[in-house]
Amino acid sequence: MYITNLSKGKIMLSNKVLTYIKDVLENMPTDWLNLTTHRLDIYDEPLAKTQFLEQFEILFNDHNSQSSSLSELPTAYDYIRLGHPLSCVLEWTIANLNNINAENVISFSSNTVPVLAVLRKNLLAHKNTQIVYTGQLPDFFDPEIIKNIYGYQFDLIKVDRVEEISSFNGSTIFVSQQDDICNFDLTPNIDFFINIHPHLGSVLLVNGEQNDGYVSEIQHVRRRETIAMTPANTLVALNHLLEQSPVDHKNGNVEANKTLVLNSIKEITGTNIKPLVGSSGLSMQYAIVMGLVHDAIENHKGKAIKIIVPPNCYGGTNDQARRVAACNDHIEVMDLPVDGGKDMVESIDVVLDKIAKEDAIPYIIAEIPTNPRVEVPDLMKLKDVLSKERKTKNNETAIDPVFILDQTFCPNVHFLGENEILSSVRTIAYVSGSKFPSGGKCTAGYCVANNKSKDLMQKIELHLQLCDNEATNLQMEILAKQLPSMNQRIHDAYQTTREFVNFINDTLPEAKINFVSEELASKGFTPSVFSLDLPTKGNTDEEKETYKRALNLKLINLMIKEIPNESKFCVSYGQLKGCYWTIPATSTQGTTKEGDKDYIVRVALSANLDFELHKKVFLDFVRSI
C-alpha cells in the first residue's frame, strides 16, 4: 500500500486517491495540456465551476481513468484563465488531502494576485487584514504601492513559526514560499494559506466555513486580472505531489527566447520601445490600467480618472475596468458607443469634451477593428479627435487622453511606429497572445508603446512585475516559435476568410455580413474573423429574434457535427488550423449588459482547413432554411 505523509505527518494521502491521480495523468487527453480556449458545445456556463469536478468524482468513485471517459468530461471552468482540467485536478487532490471542498483550493500562475484577491474583498467589506509570512516575500511584492495605488490596507508581520500566529479581528493571510506547493498545515488562526513557488505559481487554500464567501470573488479575480496556474506547471506540481519527478528549475533558453520575442514584437509593430509580455491579454491589460492609475495618482493628484470603454466590447475588458473603478472613489467607467451605427470618432469627441470640462484624466480602451462587428473608424479623424486640445470649465488646458488600443484582430497593422497614424498621440497597443501571436498555443499577451508613451511603460512594467503576471518561460518559448510566422499566417487566413465571405454573399445574400472592405484590406486591415447576421422571419420583433437565435445554433451545430476535426464551437481567433464559431452574446460578452449583447454568429478561420467541405456544409444549411 502506497501512502505518503504530508504536512508534518498530520495528513495522509489515501492510496486510492494517489493511485487514481497517477492513472489520470497517464491517460489524460492531450487537450488538457495544450488547449487554450474552451469548447462551448460541452460548456454549461451556470455550472462551469462545478460540473467538471462533479463528473470527475463520479469517474473516481467508479475507478474509471480511461482516456475516452476523461475526454468526455465537460469543459472545466474557462480553460486556462479561470481554470482548466489539470488545475481542477490539482485543486481537487489538495482538497482531498485536507478534507475540505475542492472549490476552497484555487491555483494561480501569479504569486502576488492571490494575496491581492483577499485584500480586494476586504477593502470592499471594510475588513482588517494581516499578512503573516516566514522567510522572505518575493522581491516584487511592494507593500507601499499595494497600499497607495491599489488602496488595499493590511499589516505585514514576519514570524519564525506558524505557532506564533494568534487570533485576529479580521482576516489572516499566511504566505509561505516552498518547494512543496501542495503541502498545507491547517490551523484555525489562519484564514487563507498561500503557498508560493518561484517557478510554478501559487496555491491558495480558503480555511473555515466563515470564509466560504470569499471563494467566488477570489475566482473572479483570477478570471479577470491573471490566470490559473498553467497546465504545464500544474502537471509539474501534480507529478511532484506524486513523487514521480522533482520540480525542474532549469532555465533552458529563457533569455534567448525572450530576446527573440521582444525583437519580433518590435519588428511586427514597427516600434522601438521595449515591449512587455504578460501571462494573458487580461493580465497585460490589468498592468496597463494600474500603471496608468499609478501615473495619474502621482502626476495629477486628486483628479478624477475616467476609464472609457465600449459597452459591447469583450466582456473581460468591460468587467475589469469596472472592477478597478469599484476599488477607488476617484475612478469612474464611462461608455463609448462604437458599433452598430455608432461612430467611434464622434463618440470619443463627445466624451472627451465632457471629461475636459470636469478637468479629469481620460483613458480610452477600444478595439480596432471592433468586436464583433469588425468595423474600423476613419483613422485620420481618430487621430485629430485624440490630438485636439480641449479646455476645462476654467479655460485651462485639459489633460490629453491615453488611447489604449486592443489590436488583437489585426496585430500586423503599424499604428504606433515613427510617423504612423497614432505616433503623435499617447497610445499603448496590446494584443491577446492566445490569438495570432501563438496560434492558440498559449495565452500570453503583449503591449507596445509609441515614443509619446515611453514614460508610461515604466509604470506598466512595474505593475506587471508587482502582480507577477509576466509571461511564463514556456509561454515565451511558444511565442518565440510562432511570432516569426505570424504576419504570413495573418495574410493567408485573410485570403481564406475573404473567399468564405464572398461565398456566403453569393449563397445567402439576405444575410448581413460584417467584415472589412477591400479598401480597408488594401491598407493592411486583414482580419480573419467576420460576423454573420442571419436572415430571420416572424410577425413580431420577439418572434424574429427567437427564430434568429435558434438559426445561429442550427448553423454552428451543423458545422461542428459535419466537420468535427476542424469546425469548433470556440471563442478564439488566429488559430493554426480549423474554423471557430461562436455567438458573442453567450461567450465573449458574458458580463456585458444584456441590451448591449450581440446575438449573431462570429466566425474565425485559419488558412489550414478543408475549405470545400466548409462551403458544402454551409450550402446544406442554406438549403435547409
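Remark: the His300 side chain and the Asp295 side chain contain no N/O donor-acceptor pair separated by less than 3.5 Å. Looking only at atom types and distance, the side chain of Asp191 has no donor-acceptor partner in the side chain of Ser171 under 3.5 Å away. Under 3.5 Å, the side chains of Thr392 and Asn394 contain no donor-acceptor pair of N or O atoms. For the residue pair Gln320 / Tyr286, no side-chain donor-acceptor distance below 3.5 Å is found, with atom types taken as modelled. A donor atom on one side chain and an acceptor atom on the other are not found under 3.5 Å apart for Gln177 and Gln136. With hydrogens and angles left out, the side-chain atoms of Asp384 and Ser387 include no donor and acceptor closer than 3.5 Å.
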Inset, instruction - Show your reasoning for whether side-chain contact (heavy atoms from CB on, under 4.5 Å) applies to Thr172 and Ile165. - result: CA-CA 9 Å; Thr172 297; Ile165 302 172; 4.0 Å; yes
Legend entry - From CA spacing to verdict: side-chain hydrogen bond (donor to acceptor under 3.5 Å, both in side chains), Ser279, Glu470: CA-CA 5 Å; Ser279 60; Glu470 292 180 290; over 6 Å; no
Inset, instruction - Give the intermediate values and the outcome of side-chain contact (heavy atoms from CB on, under 4.5 Å) for residues Phe415 and Asn450. - result: CA-CA 9 Å; Phe415 284 100; Asn450 58 12; over 6 Å; no
Legend entry - side-chain contact (heavy atoms from CB on, under 4.5 Å) assessment of Ile428 paired with Met457: CA-CA 8 Å; Ile428 307 288; Met457 286 293 272; 4.1 Å; yes
Inset, instruction - Begin from the C-alpha positions of Lys459 and Glu298 and carry the test salt bridge (charged side-chain N to carboxylate O under 4.0 Å, His left out) through to its verdict. - result: CA-CA 11 Å; Lys459 286 286 192 291; Glu298 274 193 355; 3.1 Å; yes
Inset, instruction - Begin from the C-alpha positions of Thr129 and Tyr152 and carry the test side-chain contact (heavy atoms from CB on, under 4.5 Å) through to its verdict. - result: CA-CA 9 Å; Thr129 313; Tyr152 303 150; over 6 Å; no
Legend entry - Evaluation steps, ring pair (Phe, Tyr, Trp, His ring centres under 6.0 Å), between Phe403 and Tyr363: CA-CA 6 Å; Phe403 191 59; Tyr363 298 140; over 10 Å; no
Inset, instruction - Evaluate the salt bridge (charged side-chain N to carboxylate O under 4.0 Å, His left out) criterion for residues Lys303 and Glu358: first the C-alpha distance (whole Å), next the side-chain angles of each, then the deciding distance (0.1 Å), finally the verdict. - result: CA-CA 9 Å; Lys303 291 193 176 182; Glu358 299 175 17; over 6 Å; no
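Checked by atom type and distance alone, the side chain of Thr112 pairs as donor or acceptor with a backbone atom of Leu466 at under 3.5 Å. Between the side chain of Ser87 and the backbone N or O of Gly83, no donor-acceptor pair lies under 3.5 Å. For Ser438 (side chain) and Gly433 (main-chain N/O), a donor-acceptor pair under 3.5 Å exists by modelled atom type. At distances below 3.5 Å, at least one donor-acceptor pair connects side-chain atoms of Asp468 with backbone N or O atoms of Asn111. Distance alone, capped at 3.5 Å, is enough to place a donor-acceptor pair between the His414 side chain and the Ile268 backbone. Side-chain atoms of Arg222 come within 3.5 Å of backbone N or O of Ser107 as a donor-acceptor pair. Under a 3.5 Å cut-off, the side chain of Tyr573 and the backbone N or O of Phe409 do form a donor-acceptor pair.
Between Lys274 and Glu461 a salt bridge is recorded (basic side-chain N to carboxylate O distance below 4.0 Å). Salt-bridge formation is not detected for the pair Arg223/Glu225: no Lys NZ or Arg NE/NH1/NH2 atom is positioned less than 4.0 Å from an Asp or Glu carboxylate oxygen. A salt bridge does not link Asp359 to Lys393: none of the charged side-chain nitrogens sits closer than 4.0 Å to a carboxylate oxygen.
For Lys147 and Phe154, the positive end sits near the middle of the six-membered ring, less than 6.0 Å away and at most 45° from its axis.
With contacts defined as side-chain heavy-atom distances shorter than 4.5 Å, the pair Ile149/Met290 qualifies. Contact check for Leu156 versus Leu137: side-chain heavy atoms found under the 4.5 Å cut-off. No side-chain heavy atom of Pro310 sits less than 4.5 Å from a side-chain heavy atom of Asp335. Put simply, the side chain of Gln475 reaches to within 4.5 Å of the side chain of Ile227, judged on heavy atoms. A 4.5 Å side-chain heavy-atom check between Met344 and Ile368 finds at least one atom pair inside the cut-off. Using a 4.5 Å heavy-atom threshold, the side chains of Ser176 and Tyr133 count as separate. Residues Ser423 and Glu418 form no side-chain contact, since every pair of their non-hydrogen atoms from C-beta on lies 4.5 Å or further apart. Side-chain contact between Ile307 and Val289 is present, with heavy atoms from C-beta onward closer than 4.5 Å.
The number of heavy atoms from other shown groups lying within 6.0 Å of NZ (Lys127) is above 12. Within 6.0 Å of NZ on Lys381 lie no more than 12 heavy atoms contributed by other residues, nucleotides or ligands.
Note on ring orientation: taking the six-membered ring where Trp is involved, the planes of Tyr150 and His463 are tilted (angle from 30° to 60°).
Remark: of the listed residues Asp212, Asn207, Asn211, Asp212 is the sole one forming a side-chain hydrogen bond (donor to acceptor under 3.5 Å, both in side chains) with Asn104.
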